[in-house]
Structures are given as structure tokens and as C-alpha cells.
Amino acid sequence: MWARAVRKSVLGVGGLLLAVSAVAQVTPASPTPVFPAPAPPRGDTLATDQVGQDQEFATPSVVNQGPTKGIVFHYERMPTFGVTSKAQVANLPNYSADAEKNARLIIKGYIPMLNHPHLKLILGVNYEREEFEFKNTPTRYELYDNIENKGLKTLGAQLAVIRPVNTVNWYIFRIKGELSGDYTSNELNVSDYLRVSSEFIYGWKRSPTFSWGVGAQLGYTFGRQSIYPAVLYNRTFNSRWGLEALFPARVSARYNVSPKSIFTAGYTVDGFNYIVKLNTPLVRRTADGTPEPNIKPLRTLELRETEVKLRGRWERELYDFIWLGVEGGYRYNYAFDAFDKTNSDRQKIIDSQFDWAPYASLEIFIVPTKGLLGMFGVGR
């Protein structure tokens, strides 16, 4: 199923990602990297993840943050867990069964387009695919049969602008566009599947070990598009311990075993927003079975997913520019709800809950070191 669904997208994105490692910014092996480490995969705030550091200009990065991620290959898997769906309209049944698999494949790449001390521009690209397998398929529940047959995909690009103002102040602006849903190459309509998010954070660099900022984010962290405040806090307390946060989306404590081995633990809040096309139009009906007045038959659902992960993560250098990331923990699914996307009232159609479930992920990422860039003749 993976090969059939991602073959065209992976080939296109893969070619671009190979180019990323050739032009990515150099990261020294010292504990003060050119870019601080990116955040966990599904809390994707690249503006803070790919910020440079300079002696004369302030940035959000602090001493002892992990290595830059130039290219990321990430696979995540959850075992069997219970699924319960309750219909919110009269003519739909309820559903209760087990999902035997929930897996995510994520590929990302970052390109530093401009890296001046006073201005940095970073282009990011990403491809993601989420798959479900339900027990006793077909489930005869159209939403889940549709998801299992086509999967949920995200293809996106973003631009991050990092502006060090002076030796103390800095600000970040990021804008991101994604095509997100159950589309295939034959039925993709950009206007239907496009999702846009952005953020702005203004901050203060108090010392090489302490930087913080405040701002706002417009995005889907909590399932639906909304604006919410954000507080960035990066602090290194000593040679071993540190704290990295973009509250409320994520908070992580960091322990540096060595320059080549880092442990983190904390939580992340991940939000997903997918468009799902129905094979058969759904007519909303009242309790007595009659169609709701002035309501069009549903052809599209908006699927809002929100989950909280309690996680532990270990990153380790395998060879020079190749690093390994291993992560595990528990996922609490706050919502997996479907809303009317056809009519303006956006009524909830299906209210779903997933059981708590453990998860594990494996990640290989490429760090743009001097040695790697030298192989491509970059930085000479």
C-alpha cells in the first residue's frame, strides 16, 4: 500500500531533498550550532527550528541544542487500539471496533535560501502519509473505508523569515501551505485541500544560554484553524540540562549525554486537518427522518484530529552527518471528528474517540556538516 500511494510523491520530493543536503547551511560540531535542532515531527514550527546564531545578532538558539536537520525520514507506528464513533445526525449509524494499525510516514527537507547575520530565509518542504487498518474490513462505515482505501496525505511547503534586530532582540515570521486530505493524483483540486498556517514571534536573547519570546500562531494544532498565543522558551542550565518549549504546543526537557548523544522528554500537542471526499452523498436528516431544510447533501467532510503525546526521545550520531532518532511514549487522542464541509453551519457529523495507545518511531536524519558539504563543493 505504501509503494502504490507514495511512489510519485516520494520520487518528486526525494529529488528535491537530495538537493537540500547539498546546499544546507554548515553546522559545526561545537555545542553552539548554526541552527538549533528542529522540534518533534508532527509540531512543525520551522521558524524556531532553523534559526542561525551569530556573535553580534540575537537569535532564539541557545548553547547545547541538538544538530540541524537537513533531511528527515521518519516512520511512526501504533499497535491495535479501540475506536468508537457516535453519529451526530439521525440517519448515520454508530461504529465501534479496533484499528489494527495507525502508521505515519514523514519526509522533510530544509533549504537555507539566505543566511546573513541580519536576515535568514529558510524554505521547507514536507510529504506525510497517515494510514489506518481496521478490523473486519470493509467496515461498512464509509468514513473509515474511505480512509483505509486512500490514506490521508499532506504535501506542503513553507517559508521562514528570521530577523535578528540587534544583540538582544529578534523576531520570526513563518507561513506554510499544505494540501491535506484523501486526494489522489487524478482528483486533486488545490482549492479544496489547501490549508494555510502562519506564526509571528518576537523575542529577547538574554545570554548564550537563555532566549525567550512571545507571539501568536494561526494553525491547526487544536484540530480547527484558530489563533492562539505562543511562548517560546529556550534555556540551557548547565553542561547537561536544558529546556526547550513553544508553549502550549510542546515542552521538552533536554539532557546532553555528549555532543553526539541527546535525550529529551516531554509532551507535544499535534493537530491535523484533512478533507475527505464521500463516495456517496450524505443527506442530513432530522430525528423524524425527514431531510433537514435548506441543507445540501454532504459530499465533503472536514476531519479534525487532535492528539497529545507523552514522549521520550534519543538522538545519536551514527556517522558524521547521519543521525538516528528513536522515540516512544503514549498517545492520547483528544478528537477525531468529522464536520460538514459542504454547508456553512459546519455541523459535527461524527464524534470519534481513540483509546490511549503506545507508539514508537524511528527516524534517520541528515545533518549538513562541513564534511558533507565539502563532498558537494559547498562552503569551499
Side-chain angles (χ1 to χ4, degrees), residues 1-6 10 39-44 72-86 94-108 126-154 180-182 220-223 249-250 252 263-274 276 303-316 324-338 350-365:
M1 181 180 293
W2 290 110
R4 184 174 59 255
V6 303
V10 168
R42 245 343 266 178
D44 191 18
V72 180
F73 300 93
H74 177 99
Y75 181 76
E76 181 178 305
R77 179 73 179 262
M78 298 175 193
T80 301
F81 56 90
V83 176
T84 302
S85 296
K86 296 181 180 180
N94 295 328
Y95 176 81
S96 181
D98 286 337
E100 297 185 326
K101 185 184 81 170
N102 180 201
R104 292 190 180 113
L105 171 69
I106 300 172
I107 302 173
K108 296 182 181 181
N126 63 288
Y127 174 82
E128 304 176 17
R129 179 180 174 88
E130 182 172 9
E131 285 194 347
F132 290 87
E133 287 184 5
F134 296 93
K135 191 175 182 179
N136 301 322
T137 55
T139 65
R140 304 190 185 281
Y141 203 73
E142 184 175 356
L143 173 63
Y144 294 136
D145 285 337
N146 196 29
I147 290 173
E148 182 164 346
N149 289 337
K150 294 195 290 184
L152 297 170
K153 296 167 283 293
T154 299
S180 189
D182 66 342
Y220 299 89
T221 298
F222 299 99
R250 63 179 181 264
S252 294
F263 284 98
T264 57
Y267 79 86
T268 62
V269 181
D270 295 322
F272 310 89
N273 189 286
Y274 300 109
V276 177
L303 188 58
R304 301 174 185 173
E305 182 178 3
T306 303
E307 63 185 29
V308 180
K309 289 179 179 175
L310 305 177
R311 65 182 193 90
R313 181 178 176 87
W314 176 53
E315 294 184 349
R316 170 73 183 181
L324 170 71
V326 179
E327 182 174 317
Y330 268 83
R331 180 204 67 182
Y332 166 67
N333 184 266
Y334 176 76
F336 193 83
D337 301 333
I350 302 172
D351 187 320
S352 299
Q353 291 292 326
F354 295 166
D355 291 345
W356 280 74
Y359 79 94
S361 69
L362 182 67
E363 182 174 296
I364 298 292
F365 58 96

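The first residue of the sequence shown is numbered 1, and numbering continues consecutively from there.
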Of the non-hydrogen atoms in [X] and [Y], which two are nearest, and what is the gap between them?
X	Y	result
Ala338	Leu143	CB-CD2, 4.4 Å
Thr306	Phe222	OG1-C, 3.2 Å
Tyr75	Ala103	OH-CB, 3.6 Å

Side chain to side chain, [X] and [Y], heavy atoms closer than 4.5 Å:
X	Y	value
Phe132	Leu152	yes
Val308	Thr268	no
Lys108	Glu128	yes

Practice prompt. Show your reasoning for whether side-chain contact (heavy atoms from CB on, under 4.5 Å) applies to Ile106 and Asn126.
Written response: CA-CA 7 Å; Ile106 300 172; Asn126 63 288; 5.8 Å; no
Discussion item. The test is side-chain contact (heavy atoms from CB on, under 4.5 Å); show your working for Thr84 and Asp351 and say whether it passes.
Written reply: CA-CA 8 Å; Thr84 302; Asp351 187 320; over 6 Å; no
Fill in: Residues Ser85 and Tyr144: side-chain donor-acceptor under 3.5 angstrom
yes
Gap between atom [atom2] of [Y] and atom [atom1] of [X] - 0.5 Å precision:
X	Y	atom1	atom2	answer
Asn333	Asp355	CG	CG	9.5 Å
His74	Ile107	NE2	CD1	11.5 Å
Phe336	Tyr274	CZ	OH	8.0 Å
Arg140	Tyr95	CZ	OH	11.5 Å

Expected output: side-chain [X] to main-chain [Y] donor-acceptor under 3.5 Å:
X	Y	answer
Asn149	Asp145	yes
Asp337	Ser352	yes
Ser180	Asn273	yes
Asp270	Glu307	no
Asn102	Glu131	yes

Worksheet entry | Partner of Tyr359 by side chain to side chain donor-acceptor pair (under 3.5 Å), out of Glu327, Arg331, Arg311 | Glu327
Practice prompt. Could you please spell out the steps behind the salt bridge (Lys or Arg N to Asp or Glu O under 4.0 Å) verdict for Glu305 and Arg104?
Written response: CA-CA 14 Å; Glu305 182 178 3; Arg104 292 190 180 113; 3.3 Å; yes
Worksheet item: Would Ile147 and Leu303 count as a side-chain contact (heavy atoms from CB on, under 4.5 Å) if you check the C-alpha gap in whole Å, the side-chain angles of each, and the deciding distance to 0.1 Å?
Response: CA-CA 11 Å; Ile147 290 173; Leu303 188 58; 3.8 Å; yes
Worksheet, complete the sentence: Sorted by chain and residue number, the side chain to side chain donor-acceptor pair (under 3.5 Å) partners of Thr221 (sequence neighbours excluded) come out as Tyr228
Worksheet entry | Residue list, ring-ring contact (aromatic ring centres under 6.0 Å, His included) with Tyr332, at least two apart or on another chain | Trp356
Practice prompt. Would you check, one step at a time, whether the test side-chain hydrogen bond (donor to acceptor under 3.5 Å, both in side chains) holds for Arg313 with Ser361?
Written response: CA-CA 9 Å; Arg313 181 178 176 87; Ser361 69; 4.9 Å; no
Response to the item:
Partner of Lys101 under salt bridge (Lys or Arg N to Asp or Glu O under 4.0 Å), picked from Glu133, Glu148, Glu76, Glu130, is Glu133
Worksheet item: Within a radius of less than 6.0 Å around OH of Tyr267, do more than 12 heavy atoms belonging to other residues, nucleotides or ligands occur?
Response: yes
Practice prompt. Go through the steps for Phe81 and Val83 under the test side-chain contact (heavy atoms from CB on, under 4.5 Å), then give the verdict.
Written response: CA-CA 7 Å; Phe81 56 90; Val83 176; 3.8 Å; yes
